[in-house]
Amino acid sequence: MAHSLKIFCCLFFFFFIFSTLSIIPLSNQLEQHPLDSLTPNEFIRVQAIVNQSHPTVTNDITFQYIGLNEPDKQALISWLQNHRTTPITAPPPRQAFVIARINHQTHELVVDLWYDNIVSDHIHHGFGYPLLTFEEQNGASQLVFNHAPFLAALNKRGLKVEEVICETFAVGWFGETKQNGRVVKVMCYYLDGTVNLYMRPIEAITVTVDLEAMKITHFRDRLVVPVPKAAGTDYRESEQKAPLGPELKGITIVQPDGPSFIIDGSRVR
């Protein structure tokens, strides 16, 4: 009985210590430099924390930016000074800075990665909008292929729809006192014999898309401008014809005694 009790006490003590360490992973915190970039796992945690605060079931949310929220400079200097003499000194709280579009509003959030919570949530009301996401750009680009006036404009030029590629471009801000929403311009190019799409723009077609509603708000076909020929525009080596320029001779750079620098995590000395 006494032997069983000892085993139980040891197991309970081990479980208590393990549970405490799993809640506060201090060793991981001490290994990180306060200015180390966020890790892939931290990116996932940040998204999970924000999604928990703003559930995607009832909120329309996209992440435009996630990065390290650098600690206060004085706190960082104090940690560096103490860390030299006491390596186990806890670093400043590790936080992430997030820019997200939540229900068509730009939120600037600070997320605490030690306590897995949101420290601040500020809605940006000034000029300017966050970066475009790939999903938004792809969605806006694909809208034109279901837009009858655009398809008619291609047909008028004798262009094949399957050879057309479109991209989005921000329209910019030119000092207006009123914001007009998140609007992008869609520009299209023609392949058909080349991969160098920028050499074959489809001119004089103007398309603007409202990203919030994800719909075309303006279309205009001004005039027909001939698309440049594809011949001589393909830069791939397999498409080049002789004579080509002389081949470069090989080059080797060696440091027989090893490199003159040291990489320590994210620091190069």
Side-chain angles (χ1 to χ4, degrees), residues 32 34-76 92-147 165-188 206-220 266:
Q32 284 180 315
L35 297 181
D36 279 348
S37 300
L38 297 182
T39 65
N41 285 336
E42 287 176 326
F43 278 109
I44 295 172
R45 283 172 56 200
V46 168
Q47 287 186 304
I49 293 167
V50 176
N51 284 333
Q52 185 176 10
S53 175
H54 302 82
T56 54
V57 176
T58 55
N59 295 277
D60 179 19
I61 178 170
T62 58
F63 291 89
Q64 268 68 22
Y65 175 83
I66 299 177
L68 178 69
N69 189 49
E70 295 186 359
D72 176 75
K73 185 175 182 178
Q74 193 54 50
L76 180 60
R94 190 158 172 82
Q95 299 178 336
F97 177 67
V98 179
I99 298 177
R101 290 287 291 178
I102 304 175
N103 298 330
H104 308 312
Q105 290 184 313
T106 301
H107 287 244
E108 298 175 333
L109 306 103
V110 176
V111 177
D112 192 305
L113 287 165
W114 279 20
Y115 298 100
D116 286 349
N117 63 358
I118 295 176
V119 177
S120 67
D121 185 348
H122 170 71
I123 298 177
H124 176 74
H125 293 289
F127 291 110
Y129 293 97
L131 297 172
L132 306 176
T133 66
F134 287 117
E135 291 77 12
E136 288 173 331
Q137 295 181 74
N138 290 334
S141 297
Q142 292 304 311
L143 285 177
V144 298
F145 295 103
N146 294 315
H147 192 58
I165 290 182
C166 298
E167 294 185 340
T168 57
F169 298 86
V171 296
W173 177 69
F174 304 97
E176 300 92 345
T177 56
K178 182 180 179 181
Q179 299 184 77
N180 296 317
R182 299 179 72 223
V183 178
V184 294
K185 179 168 66 174
V186 178
M187 296 179 63
C188 300
T206 303
V207 184
T208 52
V209 173
D210 182 337
L211 289 179
E212 305 296 348
M214 196 52 76
K215 68 178 183 179
I216 295 175
T217 57
H218 175 78
F219 176 88
R220 185 183 177 193
S266 299

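Position 1 is the first residue of the sequence; numbering continues from there. Nothing here was measured: the structure is a model prediction, and the numbers come from that model.
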State which residues pass side chain to side chain contact (heavy atoms under 4.5 Å, CB included) with [X]; sequence neighbours excluded, sorted by chain then number.
| X | value |
| --- | --- |
| P40 | none |
| T208 | V183, T217, H218 |
| D72 | Q74, A75 |
| S37 | none |

Within the structure provided, determine whether [X] and [Y] are in side-chain contact (heavy-atom separation under 4.5 Å).
| X | Y | answer |
| --- | --- | --- |
| V98 | V46 | yes |
| F145 | C166 | yes |
| V50 | F63 | yes |
| I118 | H107 | no |

Rounded distance (nearest 0.5 Å) linking atom [atom1] of [X] with atom [atom2] of [Y]:
| X | Y | atom1 | atom2 | result |
| --- | --- | --- | --- | --- |
| M214 | E135 | CE | CD | 9.5 Å |
| E70 | L35 | CD | CG | 5.5 Å |
| N59 | N103 | CG | CG | 4.5 Å |
| L132 | T62 | CG | OG1 | 10.0 Å |
| I102 | I61 | CD1 | CD1 | 4.0 Å |
| L38 | I44 | CG | CD1 | 12.0 Å |

So, using side-chain hydrogen bond (donor to acceptor under 3.5 Å, both in side chains) as the criterion, who are the partners of [X] when residues are at least two apart?
| X | answer |
| --- | --- |
| Q137 | T168 |
| D60 | none |
| T206 | R222 |
| E167 | Y198 |

- prompt: Is F169 atom CZ crowded by more than 12 heavy atoms from other residues, nucleotides or ligands, each under 6.0 Å away?
  reply: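 Yes, the 6.0 Å shell around CZ holds more than 12 heavy atoms from other groups.
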field: With F219 via ring-ring contact (aromatic ring centres under 6.0 Å, His included) - residues at least two apart
entry: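 Once residues adjacent in sequence are excluded, the partners of F219 under the ring-ring contact (aromatic ring centres under 6.0 Å, His included) criterion are H147.
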- prompt: Who are the salt bridge (Lys or Arg N to Asp or Glu O under 4.0 Å) partners of D116, not counting sequence neighbours?
  reply: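 Once residues adjacent in sequence are excluded, the partners of D116 under the salt bridge (Lys or Arg N to Asp or Glu O under 4.0 Å) criterion are R45.
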Salt bridge (Lys or Arg N to Asp or Glu O under 4.0 Å) partners of E212, counting only residues at least two apart: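 So E212 forms a salt bridge (Lys or Arg N to Asp or Glu O under 4.0 Å) with R101, R182.
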Minimum-distance pair of heavy atoms, taken over all atoms of R94 and D36: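 Smallest heavy-atom distance, with atoms named: NH2-O, 3.0 Å.
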field: Closest heavy-atom pair and its distance - V184, A140
entry: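 Taking every non-hydrogen atom into account, CG2-CB, 4.2 Å.
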- prompt: Have D112 and N117 got a donor and an acceptor in their side chains that come within less than 3.5 Å?
  reply: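 No, because no side-chain N or O of D112 sits under 3.5 Å from a partner of the opposite role on N117.
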